[in-house]
Number of protein chains: 2
Amino acid sequence: MVTLAEVAQHAGVSASTVSYVLSGKRSISATTRQRVEESIRKLGYHPNAGARALASSRSNIIALMVPLRTDMYVPVMMEIAVAVASAARAYGYDILLLTGEEGPDAVRRVTGSGLADAMILMDVELDDERLPLLRGTHQPSVLIGLPADTEGLTCVDLDFRATGALCVEHLAELGHRDIAVIGEAPAVYERHTGFAERTLDGLRTRARELDLRLLHRPCEAGYDAVAATLARVFDERPDTTGFVVQNESALEPLLALLRRWGRAVPEDVSVVAVCPEQVATQASVRLTSVALPAQEMGRRAVEHLVAKLDGRGSDEVVLLAPELTVRASSGPAPARP
Amino acid sequence: MVTLAEVAQHAGVSASTVSYVLSGKRSISATTRQRVEESIRKLGYHPNAGARALASSRSNIIALMVPLRTDMYVPVMMEIAVAVASAARAYGYDILLLTGEEGPDAVRRVTGSGLADAMILMDVELDDERLPLLRGTHQPSVLIGLPADTEGLTCVDLDFRATGALCVEHLAELGHRDIAVIGEAPAVYERHTGFAERTLDGLRTRARELDLRLLHRPCEAGYDAVAATLARVFDERPDTTGFVVQNESALEPLLALLRRWGRAVPEDVSVVAVCPEQVATQASVRLTSVALPAQEMGRRAVEHLVAKLDGRGSDEVVLLAPELTVRASSGPAPARP
DNA sequence: AGCAGCCATTGAAGCGCTTCGACGATTGCT
DNA sequence: AGCAATCGTCGAAGCGCTTCAATGGCTGCT
């Protein structure tokens, strides 16, 4: 294993000079720099991460806590995680992957041990038990998601309240009066996940303002669960003509079931989805949807974190404005009988 | 920040004693141990990861290289990643998340810097460019996937060749003579991904042995792509009654399209999928399938890696035996006209 | 010519931990 | 009772790096 000292010797300079060449924290003459860089290349030198972390108390690692749950739509999480990893690398950081399993202990462990310089938390609940810990430490962190109290926190998230409102407005403009919301699995609401509750709030508020009737039904994944939910919806509100779906795994079953019920999309019923663009465009009907900007959220989270680590940036709540794209799954409400 | 020395002082012992209490590498009297543990708890001490890594040249981190690609079915990857993370934690290791982006450089960087003690590589190609590097280093590694040449490597994977054979056998037993394979996206084959090619090989070999006609069509994700593929299949081989699908995102569209073509499942055509159990049971038809044991693969990979890190274990290729579960999507071939 | 100021470079201290050899105190043996 | 082996604890060295104060050689000014 090649060390700094060996590089220094090979280049005929002192160890500190090599260090300064590497970090650029002091000016180095062009000739020396070149000689050092040459030696580094020749010897195949890589700075030792542990030693560097010890001496500088900087690990250049960002911890990312992803949920372990199986009741969430995983691809979105994965997409965010990958975006975070890519963005972090661009700033010279690596990603430490923590699963939700350990819960708050993971936060303690990571901040306590200096394993990571900062944290990104996903799958935030409204009253998340990890938040007090984050507030109590000086380690920078960013949440992807929005808890109830954002005091002293930096959050990045899609504006799900506005998303809900936007979906309702779209359907209202098309003349729909009875709207059903096919939501995430019940467990997601039971643990008060921020995004789910906020969307619901946006939906309900706007529906009330526009004097629409709104039915919300959580829905497990799987064809049968969707079938049961849909049957219940048409049973309780036969006049339902508008659907808002915030549950990617329910989308394709729903479209299939609507066909089976003899309801044409978009002539008889309209469907608006909250899902990644890819899902919306690859479904059996090209879906009118509000995009879930996974990449952007991941990127923004990293940018804010890096800003904090560099002493720039402050606590801030970044809500990305939702954008609704009209595709083939929504149209004017059918004339009332 | 609390240090070892402070704990030692608080407990009235030397620093090395505290270290030995933590590592258990020397015997410590019960009373001393208790006193030290008490101090650790009281002061909220967490060992500094960097210092530990420097002194012991062990980071207790395993690097996991996941593909960045979008043409693969992500949930499986995610499931493996999460299983790896959980299993690793159980052995006291954390996971460093590397995206495929950096390619071989990431391997160099991680092994060179001592950032991680070992690596797990996913999405292995038959002739992967990262392999020479792994063979050239003394750092333990495990592949999830199977390259062409496994000399000097440890691999964990589902036996995809046997998987292919199993699917063909099942359909053959039911009397199907014309079988179509709906495969992964063309790009997956173009870069010679191990699992895709091996499955195909298993399918073809067994089909030849059993004297069946086999048609293989790669297929992009998305309803339209599946529609085009299916149309082509029925055009080229109108007598096709058996489908093997190794492309999770094509499953639901395929089932919907078969209905549209007026082919009942399983009365007119049988479908065998290679996919996670969850997908098979939640589809609109409960699918006969060979399970993709993501959890088990992740777990096994970690176990082998830990064994290597402990000086136990050796290079080995672990091929998990495929298991075919018969569900509602396969049945006897219809009588020939 | 003489001095201030700057630039490039260095030596040394120290980051917090592990680990090795050493040492006194027990213990078990003859 | 006397000696060897064992046990529990300690001090010190050192892991590979960063960083600070210090140094010497310049340049440019008066």
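Numbered from 1 within each chain, the chains take letters A, B, ... in sequence-line order.
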Polar contact flag, side-chain donor to acceptor under 3.5 angstrom, A:His192-A:Glu125: no
Between A:Thr137 and A:Gln139, a side-chain donor and acceptor under 3.5 Å: no
Rounding to a whole Å, what distance do you find between [X]:[atom1] and [N]:[atom2]?
X: A:Asn48; N: D:dG16; atom1: CG; atom2: P; value: 7 Å
X: A:Leu22; N: D:dC17; atom1: CG; atom2: C1'; value: 10 Å
X: A:Leu43; N: D:dG16; atom1: CG; atom2: P; value: 15 Å
X: B:Arg52; N: D:dC17; atom1: CZ; atom2: P; value: 21 Å
X: A:Asp117; N: C:dC15; atom1: CG; atom2: P; value: 19 Å
X: B:Leu54; N: C:dT19; atom1: CG; atom2: P; value: 12 Å
X: B:Glu6; N: C:dC15; atom1: CD; atom2: P; value: 11 Å
X: A:Asn60; N: D:dT18; atom1: CG; atom2: P; value: 10 Å

Classify the nucleic acid contact of [X] as base, sugar-phosphate or nothing, counting any heavy atom under 4.0 Å across all strands shown.
X: A:Thr3; result: sugar-phosphate
X: B:Ser29; result: sugar-phosphate
X: A:Leu4; result: base

Closest approach of [X] to [Y] (non-hydrogen atoms, all atoms of both residues):
X: A:Leu43; Y: A:Val2; answer: O-CG2, 3.2 Å
X: B:Ser59; Y: B:Ala116; answer: OG-CA, 3.4 Å
X: A:Thr3; Y: A:Tyr45; answer: C-CE1, 3.6 Å

Any side-chain N or O of [X] under 4.0 Å from OP1/OP2 of [N]?
X: A:Tyr20; N: D:dC17; result: no
X: B:Ser27; N: D:dG8; result: yes
X: A:Thr17; N: C:dT9; result: no
X: A:Ser16; N: C:dG11; result: no

Among A:Arg130, A:Glu101, A:Glu102, the one residue meeting side chain to side chain contact (heavy atoms under 4.5 Å, CB included) with A:Met65: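 Output: one option passes, namely A:Arg130.
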Residue closer to the 5' end of DNA chain D, A:Arg26 versus B:Ser14 (nearest nucleotide):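 In this pair, the answer is B:Ser14.
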Nearest-nucleotide 5' precedence on DNA chain D, B:Arg35 against A:Gly50: B:Arg35
Heavy-atom side-chain proximity of A:Arg299 to A:Glu296 below 4.5 angstrom: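 SC-SC contact between A:Arg299 and A:Glu296 confirmed.
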Any side-chain heavy-atom pair of A:Leu143 and A:Leu131 under 4.5 Å: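 Touching, per the 4.5 Å side-chain cut-off.
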If you only use heavy atoms from C-beta on, which nucleotide in [options] is closest to the side chain of [X]?
X: B:Ala55; options: D:dT18, D:dC15, D:dG16; result: D:dC15
X: B:Lys25; options: C:dT19, C:dT9, D:dT9; result: C:dT19
X: A:Ser56; options: D:dT18, C:dT10, C:dG16; result: D:dT18

Relative orientation of the end axes in the helix from C:dA1-D:dT30 to C:dT30-D:dA1, expressed as an angle to the nearest 10° (five pairs per end):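 About 40° separates the two local helix axes.
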